[in-house]
Amino acid sequence: FGRMGTSGTRVFRMTPDPDMPGFTRRLLEKDGHAVANAPLEHVPRRTGGSGKRIVDDVASTMEIRLDRHEHMDGRSVVVAAFAPRRNADPQTRQGRIARVFAGEIWIDEQSRDVMRVDAVATDDISIGFGMIARVNDGARVTVTQIPFEEGVWLPASVHFVGEGRALLFRRLTLDFLAQWFDYQRVR
């Protein structure tokens, strides 16, 4: 619990599961060393409410303003700044978490898809009323997406860095990086 996301690296091959909701994954590499004969695991799709309801709730917790135009990775982008809405009343767990973040969103002008989000926690993030864990303000999250084919953008990475407390007293250091690459169309 004290050093979440700091215990080395693992590389998985992940594919949609044709028989069940979710995907399968197989460990290919651990800490830079190939893993032979790793078992195939089924990872069920998470449920927990309507995606549209969650997106609407998260958006309602933010004040968003267009800030500037830039170029990123050879693409013309609009940069929007966001901050917590003062009197927001989020109804979902995701909305309550989003309420404490401020940052910037890079949006591809042509496709209107999000390329990157950089966010910083402006307040502590409590999990289980702070009894399970509390992540201190200043925690940073970066999310990136890449174009896969015309009209389809897919996740490239999520990086979360922060510090706090777990189980009230134990120091918590987070440095979690998930990367997706080598996308292939599944037929």
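For reference, positions follow the sequence shown, starting with 1. Remember, it's a predicted structure, so these values are computed and weren't measured experimentally.
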Could Arg65 and Glu63 be called an ion pair, given the rule that one side-chain N must be under 4.0 Å from one carboxylate O? no
Exercise: identify the closest heavy-atom pair between Leu172 and Ala166: CB-N, 4.1 Å
Taking all heavy atoms of Ala102 and all of Ala83, pick out the closest pair and write down the distance. CB-CA, 4.0 Å
If you take all heavy atoms of Asp89 and Asp57, which pair is closest and at what distance? O-OD1, 4.4 Å
Cluster check Val35, Leu28: I/L/V/M/F/W/Y, side chain < 4.5 angstrom: no
OG/Ser111 to CH2/Trp153 distance, rounded to the nearest 0.5 angstrom? 4.5 Å
Any side-chain donor near an acceptor of the partner, Glu109 and Ser76, under 3.5 Å: yes
Strictly distance-based, threshold 3.5 Å: is any side-chain N or O of Tyr183 a donor or acceptor partner for the main-chain N or O of Ala156? no
Over all atoms of both residues, closest heavy-atom pair of Leu27 and Ala38: O-CB, 3.3 Å
Point-to-point distance, once rounded to the nearest 0.5 Å, from CZ of Phe160 to CG of Leu177: 13.0 Å
Per side chain to side chain contact (heavy atoms under 4.5 Å, CB included), Arg116 is matched among Ile105, Val143, Thr142 by Thr142
Answer whether the closest heavy-atom distance between the side chains of Glu41 and Arg25 falls below 4.5 Å. yes
Taking CZ in Arg140 as the centre, count heavy atoms belonging to other residues, nucleotides or ligands within less than 6.0 Å. Is the count above 12? no
Just jot down the salt bridge (Lys or Arg N to Asp or Glu O under 4.0 Å) partners of Arg99, sequence neighbours excluded, or say none. none
Are Met14 and Leu40 connected into the same hydrophobic cluster when the rule is that any two of I, L, V, M, F, W, Y join if their side-chain heavy atoms are below 4.5 Å apart? no
Atom CZ in Arg53, atom CD in Gln91: separation rounded to 0.5 Å? 8.0 Å
Could you tell me whether Glu149 atom CD has more than 12 heavy atoms of other residues or ligands within 6.0 Å of it? yes
About how many Å separate NE2 of His159 and CG of Leu174, when rounded to the nearest 0.5 Å? 10.0 Å
Heavy-atom count around Asp73 CG within 6.0 Å, excluding the residue itself: above 12? no
Whether Arg171 and Glu163 form a salt bridge (side-chain N of Lys/Arg under 4.0 Å from carboxylate O of Asp/Glu) is what I want to check. yes
Evaluate Glu104 against Arg68 for salt bridge (Lys or Arg N to Asp or Glu O under 4.0 Å), listing each step before the verdict. CA-CA 11 Å; Glu104 294 182 317; Arg68 63 188 182 276; 2.8 Å; yes
Mark yes when over 12 heavy atoms from residues, nucleotides or ligands other than Asp182 sit less than 6.0 Å from its CG; otherwise mark no. yes
Val78 and Leu66, any side-chain heavy atoms less than 4.5 Å apart: yes
Smallest separation among heavy atoms of Gly95 and Pro90, with atom names: C-CB, 3.4 Å
At what distance, to the nearest 0.5 angstrom, does CZ of Phe82 lie from CG of Asp118? 8.5 Å
Assigning hydrophobic clusters by single linkage (Ile, Leu, Val, Met, Phe, Trp, Tyr; side-chain heavy-atom cutoff under 4.5 Å), is Val114 placed with Phe148? yes
Treating Ile, Leu, Val, Met, Phe, Trp and Tyr as nodes and any side-chain heavy-atom pair under 4.5 angstrom as an edge, say whether Phe23 and Val158 lie in one connected cluster. no
Can Ile107 be reached from Leu154 by stepping across I, L, V, M, F, W or Y side chains whose heavy atoms are under 4.5 Å apart? yes
Does any part of the side chain of Val117, heavy atoms only, come nearer than 4.5 Å to the side chain of Trp106, both counted from C-beta? no
Arg75 CZ: over 12 foreign heavy atoms closer than 6.0 Å: yes
Minimum heavy-atom distance between Asp108 and Val77, given as atom pair plus value: CA-CG1, 4.1 Å
For Met62, does its backbone N or O pair with a side-chain atom of Arg85 as donor and acceptor, under 3.5 Å? yes
Is any side-chain heavy atom of Asp137 closer than 4.5 Å to a side-chain heavy atom of Thr122? no
Using 0.5 Å steps for rounding, measure from the OG atom of Ser126 to the CZ atom of Arg165. 13.5 Å
List the residues meeting side chain to side chain contact (heavy atoms under 4.5 Å, CB included) with Ile97, not counting sequence neighbours, and say none if there are none. Arg93, Phe101
Heavy-atom side-chain contact between Phe181 and Val11 under 4.5 Å: yes
